[in-house]
> 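First the structure, which I've put down as structure tokens, then a few questions once you've had a look.
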Protein chains: 2
Amino acid sequence: MSPRKVDPNLGAQLIEAAARLLSEEGPAALSTRKLAATVGTSTMAVYTHFGGMDDLVRAVVREGFTLLNRRLESVEETDDPVADVVALGWAYRANAREHRHLYNVMFGGSSLSGFSLTDADRQHGRYTLDALVRAVKRCVAAERFLPSDPELVAHQLWIALHGLVTLDLGGYLVEPFTADTCFEAQVCAMVLGAGDDPARARESVARGALRPV
Amino acid sequence: MSPRKVDPNLGAQLIEAAARLLSEEGPAALSTRKLAATVGTSTMAVYTHFGGMDDLVRAVVREGFTLLNRRLESVEETDDPVADVVALGWAYRANAREHRHLYNVMFGGSSLSGFSLTDADRQHGRYTLDALVRAVKRCVAAERFLPSDPELVAHQLWIALHGLVTLDLGGYLVEPFTADTCFEAQVCAMVLGAGDDPARARESVARGALRPV
DNA sequence: CCTAATCAATGACGGCGTTATGTAACGGTG
DNA sequence: CACCGTTACATAACGCCGTCATTGATTAGG
């Protein structure tokens, strides 16, 4: 009654290979045949370990979200919470740049022939905001931000970050309005919009930018 | 020495059909064969009128940009320039919602099997910001915004709008932080970040939201 | 050792973008 | 008028894709 067990490595290998193909050759190169070739198996592996190409992509996306989450969680909390917010922004952006194709797939771009995320996937990605929400709460507690809904403020920051990242990856931010320039201005404006003092805001934005990514 | 003339209608029909397919059935349904079937021709028409599928998509994207531009240009200039900025934001968002698949293709998402925009395409899309830049200049002239680079401020607004739109289209903005809620908060924060007075900002945001889209 | 059960390899199917080849329409030329 | 070079489009093929039914291989329990 106990037949040959499924090789748990194969699923992980497929996800890894898919992420690598996605990163190095773009979404168009992601095919069951290429995957089977690089992993050294047949196309059927995709169907036994996942339901099909869509579900494999979904798994890769989940990997991408945990990657992003780990990156954000690695940002340290200092006694300048506004600088922490800025550092989180840099981390978010750095992660997107390092896994640009993956980021595109994660957030609905790169449709990958009809593939789209489910509500569960999106919900899974939502906890990404946790670190940001915590930082915003600390900004409010430190009376740097006016009292308001920290989740809403985090959403605003997220929206701004996401817009910047996608336009940057799309190649829309060129001299003299590069992504770096716009990032600084954007974060500054958002922090000011949240109620921080202009002078302290500038200082914190500069401090946050100096953090290691 | 004078060969058979190309039917100029066919190219337009192809673009129109492509836009319709894109809108109604998504990027996955956009194929030379479906196009040929709906227009009533063969797949070769795509290659004689455009260089291939990529160039047809490019043409559709250009159509999309002129559509967006027309939408933004139709926003009237009133004596409340901040409200005009807000109205431009609503118009931008309304256009994206009405042509969601097209918007995704325009801005790098929906890779459509390896397709990506050229620098020329992006440059063609850049004049989209003109209306926004003009409105920001008027805000500065009316001393609602602090003196600064209007283009940079317009970029910031654009980035925030784009982030909101793409996250909205991706289904990431759900209760209680819906796209409407975030939009208001986002625009408010950006306007405040640009230097406007809080009370007048709120008033203008409300006024701009009441404009017909 | 046999049997049941499960994974994976093979090959097929339809659909895709693209390309080679055929064909018919057109304007210039006699 | 006929003729011909040129070009637009049709047809069919090629290689690739995702998917799946079939079949062989492999393993654990009896």
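In the text below, chain A, chain B and the rest are named by the order of the sequence lines, each starting its count at 1.
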> Is there a side-chain contact (heavy atoms from CB on, under 4.5 Å) between A/V105 and A/L117 once you walk through the steps?
CA-CA 9 Å; A/V105 177; A/L117 279 71; 5.5 Å; no
> Taking side chain as C-beta onward, heavy atoms only, is B/V86 less than 4.5 Å from B/R207?
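No - every pair of side-chain heavy atoms lies 4.5 Å or more apart.
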> Whole Å only: how far is the CG atom of B/N9 from the C1' atom of D/dC9?
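For the pair B/N9 CG and D/dC9 C1', the rounded distance is 15 Å.
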> Below 3.5 Å between N/O atoms, which protein atoms pair up with nucleotides 11-16 of chain D? Just atom names and distances, please.
none

> Relative to the 5' end of DNA chain C, which residue comes earlier, A/T48 or B/G52, by the nucleotide with the nearest heavy atom?
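This one resolves to A/T48.
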> Any side-chain heavy atom of A/Q186 within less than 4.5 Å of one from B/H155?
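Answer no - side chains too far apart.
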> Please determine, for the side chain of B/Y47, which listed nucleotide (D/dT19, C/dA8, C/dT19) has the closest atom?
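Of the options given, the side chain of B/Y47 lies nearest C/dT19.
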> To the nearest Å, how far apart are A/F50 CZ and D/dT19 C1'?
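Going from A/F50 (CZ) to D/dT19 (C1'), I get 16 Å.
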> Counting any heavy atom closer than 4.0 Å, what does B/L30 reach on the DNA or RNA strands: base, sugar-phosphate only, or nothing?
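Since only primed, P, OP1 and OP2 atoms lie under 4.0 Å of B/L30, the category is sugar-phosphate.
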> Assess whether a salt bridge exists between A/K137 and A/D149, defined as any Lys/Arg side-chain N lying under 4.0 Å from an Asp/Glu carboxylate O.
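Looking at A/K137 and A/D149, the cut-off is not met.
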> A/T32 near the nucleic acid: base, sugar-phosphate alone, or nothing, with a heavy-atom cut-off under 4.0 Å?
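The answer is base, as A/T32 lies within the cut-off (heavy atoms under 4.0 Å) of a base atom.
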> Would you mind reading off the distance between B/L21 atom CG and C/dG15 atom P, rounded to a whole angstrom?
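Atom-to-atom, B/L21 to C/dG15, this comes out as 16 Å.
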> Assign the ring pair B/F107 / B/F65 to parallel, tilted or perpendicular, where the plane angle (0 to 90°) is split at 30° and 60°.
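If you compare the ring of B/F107 with that of B/F65, the planes turn out perpendicular.
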> Would you kindly give the CG-to-P distance between B/D54 and C/dG17, to the nearest whole Å?
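Going from B/D54 (CG) to C/dG17 (P), I get 10 Å.
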> Measure from CD on B/Q13 to P on D/dC9 and round the result to the nearest Å.
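In whole Å, D/dC9 P lies 11 Å from B/Q13 CD.
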> Hey, what's the ring geometry for B/Y172 with A/W158, parallel, tilted or perpendicular (30° and 60° as the breaks)?
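Aromatic pair B/Y172/A/W158 classed perpendicular.
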> Any idea how A/Y103 and A/Y92 line up, ring-wise: parallel (<30°), tilted (30 to 60°), or perpendicular (>60°)?
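Answer is perpendicular, since the angle exceeds 60°.
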> Would you say A/H49 reaches C/dC7's phosphate, i.e. side-chain N/O to OP1/OP2 under 4.0 Å?
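It does not, given that no N or O in the side chain of A/H49 lies less than 4.0 Å from OP1 or OP2 of C/dC7.
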> Given atom CG of A/L35 and atom P of D/dT19, what is their separation to the nearest angstrom?
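Atom CG in A/L35 sits about 12 Å away from atom P in D/dT19.
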> In whole angstrom, give the distance that lies between atom CG of B/L14 and atom P of D/dA8.
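To the nearest whole Å, that distance equals 14 Å.
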